[in-house]
Number of protein chains: 2
Amino acid sequence: MTRTVGSTAADTGARLRQAALQLFARHGYAAVSMRQIAAEIGVQVGGLYNHIPDKQTLLFRLLSEHMAELLEAVEAAEIPAEPLPALEAFTRFHIRHHAARPEQVFISYMELRNLSPENFALLEAQRQDYEARLSAILERGAAAGVMQVEDARMATMAIIAMLTGVNTWFRETGRLSLGQVEEVYWGMVRRMVAA
Amino acid sequence: MTRTVGSTAADTGARLRQAALQLFARHGYAAVSMRQIAAEIGVQVGGLYNHIPDKQTLLFRLLSEHMAELLEAVEAAEIPAEPLPALEAFTRFHIRHHAARPEQVFISYMELRNLSPENFALLEAQRQDYEARLSAILERGAAAGVMQVEDARMATMAIIAMLTGVNTWFRETGRLSLGQVEEVYWGMVRRMVAA
DNA sequence: GTCTATATGATGATAGAC
DNA sequence: GTCTATCATCATATAGAC
């Protein structure tokens, strides 16, 4: 109410990112024009460049913030020390976290090609950091004799792929609640590494 | 040697599809121009339109031929009738078939957005036909008591996602042969549905 | 911070000669 | 079946007024 005239769109930067995220997820980075993004948030094209240096950087920021948020969240999830409870916590965390932000997950898989080599390398490092947490759980479980893991790297890739795959078919309006999905997937993961 | 003059590029249509496949896989459908494709096969842009009606149809044909080839191949694979041997055969077939054509698999997942609703529906039907084969195996295994499957639909999605995920990391020059990968993945799938 | 105007070049597709 | 030439449109990004 006491806003200064001209500050009605003070958070144009945030709205720009939100609009870009949704448009990129729906149509793909290369298929979305700066004009479309500008129209979506109600400004002219030229005005966008007050908030981002170029389209490429806009994409990178979306992807890298998604990865940073993922690492922060898994840290905050306080995964237990014991291998089996840790695997259960990781499984449930991954499903829940990814189901809550489908657009980010989608563009994180689809638009990696459109990053510069340097930016791609930065993101890869973050991704490997995340995957290493699961690998460590599996290795501790195998060492403790409570899990059977023939190859920790392959088991990691298999589990991540199967959990992230939930996003391709899960719909909030579907026959299953996310809780039920978590339950069944945890059962499959547990048996997959059963000692 | 006895070729008619002018027929040196008799298979321009085939080369066009091959070039488009590789360029779409590398850079994405929307990021590839008809000029790039023409340059890749050594013709002028206008000449492309003797072989395809438009860029969109070119993409659809690549995707739909990939799905037709997959269904043909799984048919030819002669999956056994017994549930457990059938699951093993399906697992190995899926990994081998997909590893042999990474570009087709890649664009089949990445470029679905760029299809018209009608073409998308056609492809979806083919995909569901393929997935239904795995679901049927799991249901027969559960009914026979040789598998534990809480939810056949979710188990199908989980297994397909984890198997197709091999394509994201497997390299022929890596530390593992495809045979070793098959072996380990079959072990994980078998335990996942262990009765 | 947003606007208008513009630079500069690429895009998919077609027409018509050979 | 391939070529050249062209249409009409769209692209990203910048300059400078307000």
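Keep in mind that this is a model prediction, so the values were computed, not measured. Protein chains get the first letters and strands the later ones, always in sequence-line order, with residue 1 at the start of each.
Ion pairing between B/Arg26 and B/Glu103 fails under the 4.0 Å rule for side-chain N and carboxylate O. Between A/Arg15 and A/Glu40, none of the side-chain N atoms (NZ, or NE/NH1/NH2) sits under 4.0 Å from a carboxylate O, so this pair counts as no salt bridge.
Within the structure, the side-chain hydrogen bond (donor to acceptor under 3.5 Å, both in side chains) test picks out the following pairs touching residues 60-71 of chain A (sequence neighbours left out): A/Arg17-A/Glu65, A/Glu69-A/Arg101. Listed by first and then second residue, the ring pair (Phe, Tyr, Trp, His ring centres under 6.0 Å) pairs involving residues 100-128 of chain B amount to none (not counting sequence neighbours). The stretch residues 19-44 of chain A participates, sequence neighbours left out, in these ring pair (Phe, Tyr, Trp, His ring centres under 6.0 Å) pairs: A/Phe24-A/Tyr29.
Remark: P of D/dT14 and CG of A/Leu48 are 13 Å apart, rounded to the nearest angstrom. Between A/Gln36 atom CD and D/dT9 atom P the separation is 17 Å, expressed in whole Å. Atom CD1 in A/Ile52 sits about 10 Å away from atom C1' in D/dA13, given to the nearest Å. Rounded to an integer number of Å, the gap from OH of B/Tyr49 to P of C/dG12 is 6 Å. Note: CE (A/Met34) to C1' (C/dA7) measures 17 Å, nearest angstrom. Nucleotide D/dT12 holds its C1' atom 18 Å from the NE2 atom of A/His51, rounded to whole Å. B/Asn114 has its CG atom 14 Å from the C1' atom of C/dG12, to the nearest Å.
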Let me see the working for A/Arg191 and B/Val193 under side chain to side chain contact (heavy atoms under 4.5 Å, CB included), right down to the final yes or no.
CA-CA 7 Å; A/Arg191 284 196 299 277; B/Val193 299; 5.8 Å; no
Can you give the donor-acceptor pairs under 3.5 Å from side chains of residues 148-163 of chain B to other protein atoms, not counting sequence neighbours?
residue  : atom : partner  : partner atom : Å
B/Asp151 : OD1  : A/Arg175 : NH2          : 3.3
B/Asp151 : OD1  : B/Arg153 : N            : 3.1
B/Asp151 : OD1  : B/Met154 : N            : 2.9
B/Asp151 : OD2  : A/Arg175 : NH2          : 2.2
B/Thr156 : OG1  : B/Ser135 : OG           : 2.7
B/Thr156 : OG1  : B/Ala152 : O            : 2.7

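A donor-acceptor contact closer than 3.5 angstrom links the side chains of A/Asn114 and A/Glu111.
Only A/Asp54, A/Lys55, listed by number, bring a heavy atom of residues 54-65 of chain A to less than 4.0 angstrom from any atom of DNA chain D.
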Atom pairs, N/O to N/O, protein against nucleotides 3-6 of chain C, distance under 3.5 Å?
residue : atom : partner : partner atom : Å
C/dC3   : OP2  : A/Gln44 : N            : 2.5

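Close to C/dA10, at under 4.0 Å from its OP1 or OP2, lies no side-chain N or O of B/Ser33.
Of the options B/Tyr130, B/Trp186, B/Tyr185, a ring-ring contact (aromatic ring centres under 6.0 Å, His included) to B/Phe90 is made by B/Tyr130 and by none of the others.
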